[in-house]
There are 2 protein chains.
Amino acid sequence: MKKITLIEDIETCFLCKNCLKEWLPAILAHKKNYKVKRSEVIFNEGDPVKGVFFVNSGVVKVHKRWGAEKELILRFASSGMIFGHRALGGDGIYSISATAIQEGIVSYVDMDFFETTLRVNADFAYKLLMFLAYDLRVSERKTRNLAHMPVKGRVAEALINLKDQFGLTAEGFINIELSRQDLASFAGATYETVFRVISELTQDDLLELSGKSIKIANYDKLLKLTEEAA
Amino acid sequence: MKKITLIEDIETCFLCKNCLKEWLPAILAHKKNYKVKRSEVIFNEGDPVKGVFFVNSGVVKVHKRWGAEKELILRFASSGMIFGHRALGGDGIYSISATAIQEGIVSYVDMDFFETTLRVNADFAYKLLMFLAYDLRVSERKTRNLAHMPVKGRVAEALINLKDQFGLTAEGFINIELSRQDLASFAGATYETVFRVISELTQDDLLELSGKSIKIANYDKLLKLTEEAA
DNA sequence: CGGGATTTTGAAGGGGCTCAACTTGAGTGG
DNA sequence: CCACTCAAGTTGAGCCCCTTCAAAATCCCG
C-alpha cells in the first residue's frame with residue numbers, strides 16, 4: 001500500500017495509521033487489545049455486535065458464509081485498517097464474520113463509544129464516510145464481476161488486488177501468505193478451479209510460483225484478463 | 001416501504017423524506033430539478049461526477065455494465081431516496097450508471113456543495129454514515145448470493161426485496177412496473193433463465209402473474225428458496 | 001515414521017448461458 | 001379496420017464452464 005498523508009487520497013487510504021490521528025486519542029483511552037492466532041475467529045455472523053475493530057498487526061479476512069462449507073471473502077483488513085464497521089446502525093448482529101489469517105493483534109472499541117466518537121468528532125465521521133463510499137465502490141465492482149466475469153478474470157483481479165494491498169516482497173512476490181482455499185474464496189470460485197486457472201496462468205508465463213508465493217510475471221496480460229472484451 | 005420516523009430505524013430508512021428535514025433547507029437553496037422520461041440515462045459509468053441526486057418522484061435503477069450487452073442492477077432508488085452518493089471521495093468519475101425506469105423528477109446538488117453540507121451538518125453526515133453502512137450490508141449479501149446461491153433463490157430474493165421496497169397494490173401485486181429484462185439484471189441472470197424460473201414458480205403456486213405484474217402467492221415457500229439448506 | 005492436511009489430476013454431470021425460432025402484443029400508417 | 005413492424009414474450013436444443021466427486025501424490029509436523 002502506498003504511503004499517503006492527504007485525506008483526499010481516499011483510494012489508497014483505508015482509514016490507515018495516517019488517518020488514526022483523528023481518533024487515536026479516543027481509541028487509546030477505550031480500546032481493548034486481543035492477541036489473535038492464525039485462523040482464530042474474531043467474530044461470527046449471527047454474533048451480537050461487540051464493537052468496531054481495527055488491526056494493529058497481522059491480517060484479518062472479512063467473509064460471509066453460505067451453508068457449512070462455502071464462504072466468500074469480501075476483503076482483507078491489514079495493519080491499520082478498520083473492520084466490523086458495517087455493523088453501524090444495524091440490528092446488533094454481525095452480518096459477516098472476521099477471522100485472523102495471520103497471527104497479530106486486533107483492537108476494538110465498543111459500539112456505543114464508537115458512535116459517540118462519530119457524533120463528537122466530525123472530521124473522523126467525514127473520513128469514515130469517504131471510506132464507506134470507497135468500500136461500496138469496491139464491493140459493487142466485486143458484485144458485478146461475480147455476475148459476469150469468468151473465473152480466470154476474477155482470479156486475475158484478485159491477485160492484482162492483493163498486490164495493491166499487500167505489495168511485493170524483495171523477490172517480487174505478492175507479500176501475503178494465503179492458502180489456496182482462501183484465494184479461491186476471495187475470487188469466488190472453488191479450490192480446484194482456481195488451482196487449474198493458476199496452473200494455466202503459470203504455463204502462459206503470466207504468473208510465477210514459489211511454494212505458496214505468487215509473483216505476477218506479466219502484469220499487463222493479467223490486467224487484460226479483467227477487461228470486458230475478453 | 002414502511003413509514004418510519006426514528007433515525008435509528010435505519011433498516012427501513014433510505015434517507016427518505018422523513019430524513020430530509022436534516023438537509024432540506026440546504027437542498028432547497030441549491031438543488032436543480034430534472035424531469036426524466038422512462039429509460040432516460042441520468043448518468044453513465046465513466047461520466048464526470050456532477051453531484052449527488054435524489055428521487056423526487058419516479059424510480060431510478062442504479063446499475064453497472066459488463067461489456068455492451070450485460071448489466072447488473074445494484075439497487076433501485078424510489079421516491080425520497082438518494083443516489084450517486086458512492087461517488088463521494090472518489091476520482092470524480094461515476095463508477096456506476098443511473099437510469100430512470102419510470103417517468104419522474106430527480107434533483108441534484110453539486111458535489112462540492114454536498115460535501116460542504118456534510119462537513120457543516122454533523123447530524124446529516126451521521127445519518128448518511130448509517131445509510132452507507134446499511135448499503136454495504138445489502139451489497140455484500142448480494143455479492144455472496146451471486147457467488148453461491150442458485151438462480152432460483154436469487155430470483156426469489158429479488159422479488160422479496162422488490163416487495164419490501166415498493167409494497168403491494170390493492171390487488172396484492174408487487175407495486176412496481178419492471179421489465180423482465182430488468183428483473184433478470186437485478187437477479188444477476190439472463191432473461192431466458194429468469195423467465196423459466198418464474199414460470200416454474202408460478203406452476204408451483206409460489207407466484208401469480210397478471211401481465212407483467214407479479215404477486216407473491218406463497219411468501220414462506222419463496223423465502224425458503226433463499227435459505228442455504230436448499 | 002505415520003497420518004492428516006494440502007496439492008494435483010482426472011472424469012463426470014449439471015446449471016445456466018447462448019443461440020435461434022416462433023408467438024404474442026402494441027403501436028403506426030394506409 | 002387491417003396489414004405491417006418492431007419489441008417483448010415464449011420455448012426448445014445444445015453446449016460449455018464450472019462444480020462436484022474421487023483418488024493419488026505430496027507435504028509437513030509431531
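Just so you know, these numbers come straight off a predicted model, no measurement behind them. In what follows, chains are A, B, ... by sequence order, proteins preceding strands, each numbered from 1.
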| note | Whole-Å distance, A:Leu183 CG to C:dT7 P, equals 10 Å
| task | Among the candidates C:dT7, D:dT20, D:dG9, find the nucleotide nearest to the side-chain atoms of B:Arg180. | result | D:dG9
| task | Take the protein atom CH2 of B:Trp66 and the nucleotide atom C1' of C:dC17, then report the distance between them rounded to whole Å. | result | 16 Å
| said: I'd like to know if the side chain of B:Arg137 and the backbone of A:Leu88 have a donor-acceptor N/O pair within less than 3.5 Å. | reply: yes
| request: Return the nearest nucleotide to the side chain of A:Phe195; candidates are D:dT10, D:dT19, C:dT7. | output: C:dT7
| task | Using atom NZ of B:Lys152 as one end and atom P of C:dC17 as the other, report the distance to the nearest whole Å. | result | 15 Å
| Side chain of B:Pro150 - closest among C:dG16, C:dT8, C:dC17 | C:dG16
| Is the distance from OP1 or OP2 of D:dG9 to the nearest side-chain N or O of B:Tyr191 less than 4.0 Å? | yes
| field | Sugar-phosphate, base or nothing in reach of B:Arg196, heavy atoms under 4.0 Å | value | base
| query | Can you tell me how far P of D:dC17 sits from CG of A:Leu146, to the nearest Å? | reply | 18 Å
| query | Nearest to the side chain of B:Thr193 - D:dT11, D:dT20, C:dC17? | reply | C:dC17
| Atom pair distance, as rounded to whole Å: CD in A:Glu200 and C1' in C:dT9 | 15 Å
| query | Do the side chains of A:His85 and A:Ile82 get nearer than 4.5 Å, heavy atoms only? | reply | yes
| request: Can you tell me the distance, in whole Å, between the CE atom of B:Met149 and the C1' atom of C:dG16? | output: 16 Å
| query | Is the distance between the ring centroids of B:His63 and B:Phe186 under 6.0 Å? | reply | no
| said: Quick check: on DNA chain C, is the nucleotide nearest A:Glu192 upstream (toward 5') of the one nearest B:Lys70, or the reverse? Name the residue that is more 5'. | reply: A:Glu192
| field | Pair B:Asn33, B:Ser107: side-chain N/O donor-acceptor within cut-off below 3.5 Å | value | yes
| task | Let me know the distance between CG of A:Leu178 and P of C:dT6, rounded to the nearest Å. | result | 13 Å
| request: For A:Thr193 and A:Thr190, test the side chains for any donor-to-acceptor distance below 3.5 angstrom and give the result as yes or no. | output: yes
| Within this structure, what is the CD-to-C1' distance between B:Gln181 and C:dC17, rounded to whole angstrom? | 13 Å
| Does OP1 or OP2 of D:dC18 have a side-chain N or O of A:Thr190 closer than 4.0 Å? | no
